[in-house]
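Single-structure report; data block below.
Every heavy atom of this structure was used, including side-chain atoms; hydrogens, water molecules and symmetry mates were not.
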Amino acid sequence: MRRVLLLGSTGLVGRELLTMLLDDPTISHVTTIVRRASGVPHPKLAEHVIPMTELDRHASLFAVDQIFCALGTTIKVAGSQEAFRFVDHDLPVTAARLGRANGATHYLLVSALGANASSRIFYNRVKGETERDVIAAGFPSVTIAQPSLLLGDRKERRLGEDLAKPFGWLMPPKYKPIHVRDVARALVEAARVNAPGVRVLESREMRR
């Protein structure tokens, strides 16, 4: 029986992850850290409403077996590159550091296709730096999901995604849109296997 922590439980992938983790009979306890109460009732769920700037003050919450991180935003929503980096890099890396210090052994991260710490594209570079710094935290197991265009019930519209979806079937398998359920399911399965080392899951593999 595993104890897990989920960050980003109210987001597109995070909502699917939360449902699957709560339904997983091999998981005894699910901790979430949120900015606002979700109202989700479940006997296995412990939801903590905490400002994301104060994670260090709640290090004991990271004393779990596995950490799922589905945090993410856009520059438009965040308001600036600095705010975007805080959500997509600083918070996941802080969670990795706190989790490893408190005994967590597997970190599962939702990243993005094209993540590259050397990229000239700001978004891809930040995603790549997050992957690099999470791996450097020293977990025995790290699983990184690199989905392409995500399909699901978003709370906000994204024009670029709306334009790309009708043509998704024309794209190579690596770049075809993928539903958030497939991403969440792949991460949950990877957590069950709990294989040592670093594993990167692209859309083609997660879709299978």
Side-chain angles (χ1 to χ4, degrees), residues 2 4-27 30-32 34 38 40 42 44-45 65-74 77 87-88 91-92 95-96 106-116 123-124 126-128 130-131 134-135 139 141-208:
R2 292 168 289 138
V4 304
L5 169 68
L6 171 60
L7 294 169
S9 60
T10 60
L12 192 61
V13 178
R15 293 196 300 271
E16 293 289 342
L17 272 173
L18 180 60
T19 298
M20 293 182 187
L21 293 174
L22 291 174
D23 288 343
D24 191 328
T26 69
I27 292 175
V30 179
T31 297
T32 61
V34 296
S38 67
V40 176
H42 198 283
K44 291 200 304 191
L45 178 62
D65 301 303
Q66 299 173 329
I67 295 175
F68 291 78
C69 182
L71 291 169
T73 186
T74 63
V77 172
V87 173
D88 278 61
L91 290 179
H106 194 167
Y107 195 99
L108 301 102
L109 173 69
V110 180
S111 183
L113 181 67
N116 185 339
Y123 178 88
N124 291 351
V126 171
K127 289 292 188 181
T130 302
E131 292 184 5
V134 163
I135 293 170
F139 284 84
S141 300
V142 175
T143 300
I144 298 172
Q146 291 184 342
S148 53
L149 180 66
L150 289 170
L151 301 177
D153 185 18
R154 288 193 184 277
K155 294 180 179 179
E156 80 279 354
R157 296 288 299 275
R158 296 185 182 180
L159 180 60
E161 294 182 1
D162 289 342
L163 294 175
K165 286 175 184 177
F167 303 99
W169 64 277
L170 294 171
M171 301 177 184
K174 180 178 180 179
Y175 300 98
K176 284 183 178 179
I178 182 170
H179 200 280
V180 292
R181 281 193 300 270
D182 293 326
V183 178
R185 187 179 300 113
L187 288 171
V188 170
E189 289 297 327
R192 285 179 179 172
V193 174
N194 210 30
V198 178
R199 183 182 182 189
V200 177
L201 304 174
E202 294 184 346
S203 290
R204 177 167 38 193
E205 184 175 359
M206 290 188 284
R207 201 176 289 111
R208 289 198 297 266

Which heavy atom of [X] sits nearest a heavy atom of [Y], and at what distance?
{"X": "G72", "Y": "D88", "result": "CA-OD1, 3.5 Å"}
{"X": "E131", "Y": "A115", "result": "OE2-CB, 3.3 Å"}
{"X": "L113", "Y": "N124", "result": "O-OD1, 4.2 Å"}
{"X": "F68", "Y": "A191", "result": "CZ-CB, 3.5 Å"}
{"X": "R192", "Y": "P25", "result": "NH2-CD, 4.4 Å"}
{"X": "S148", "Y": "R207", "result": "OG-NH2, 4.4 Å"}

Once rounded to the nearest 0.5 Å, what's the spacing between atom [atom1] of [X] and atom [atom2] of [Y]?
{"X": "L201", "Y": "D182", "atom1": "CG", "atom2": "CG", "answer": "12.0 Å"}
{"X": "H42", "Y": "L18", "atom1": "NE2", "atom2": "CG", "answer": "8.5 Å"}
{"X": "L6", "Y": "R15", "atom1": "CG", "atom2": "CZ", "answer": "12.0 Å"}
{"X": "Q146", "Y": "S203", "atom1": "CD", "atom2": "OG", "answer": "9.0 Å"}

Is there a side-chain contact between [X] and [Y] (heavy atoms, below 4.5 Å)?
{"X": "L151", "Y": "V180", "answer": "no"}
{"X": "R185", "Y": "E16", "answer": "no"}
{"X": "S9", "Y": "V34", "answer": "yes"}
{"X": "L7", "Y": "L91", "answer": "no"}
{"X": "V40", "Y": "L45", "answer": "yes"}
{"X": "T143", "Y": "L109", "answer": "no"}
{"X": "D24", "Y": "V188", "answer": "yes"}
{"X": "I178", "Y": "V183", "answer": "yes"}

Side chain [X], main chain [Y], donor-acceptor under 3.5 Å:
{"X": "Y107", "Y": "P92", "answer": "yes"}
{"X": "S141", "Y": "A195", "answer": "yes"}
{"X": "K44", "Y": "I27", "answer": "yes"}

Fill in: V4 and D65: CA distance, side-chain angles, deciding distance, side chain to side chain contact (heavy atoms under 4.5 Å, CB included) verdict
CA-CA 6 Å; V4 304; D65 301 303; 5.7 Å; no
Practice prompt. Establish, from distance only, whether the side-chain atoms of T26 and R2 form a donor-acceptor pair under 3.5 Å.
Written response: yes
Fill in: Trace of the side chain to side chain contact (heavy atoms under 4.5 Å, CB included) decision for L5 with V30
CA-CA 6 Å; L5 169 68; V30 179; over 6 Å; no
Item to complete: Any chance you could lay out the side-chain hydrogen bond (donor to acceptor under 3.5 Å, both in side chains) test for Q66 and N194, step after step, and finish with the verdict?
Response: CA-CA 9 Å; Q66 299 173 329; N194 210 30; 3.1 Å; yes
Worksheet item: Would E205 and R199 pass as an ion pair if we require N to O under 4.0 Å?
Response: yes
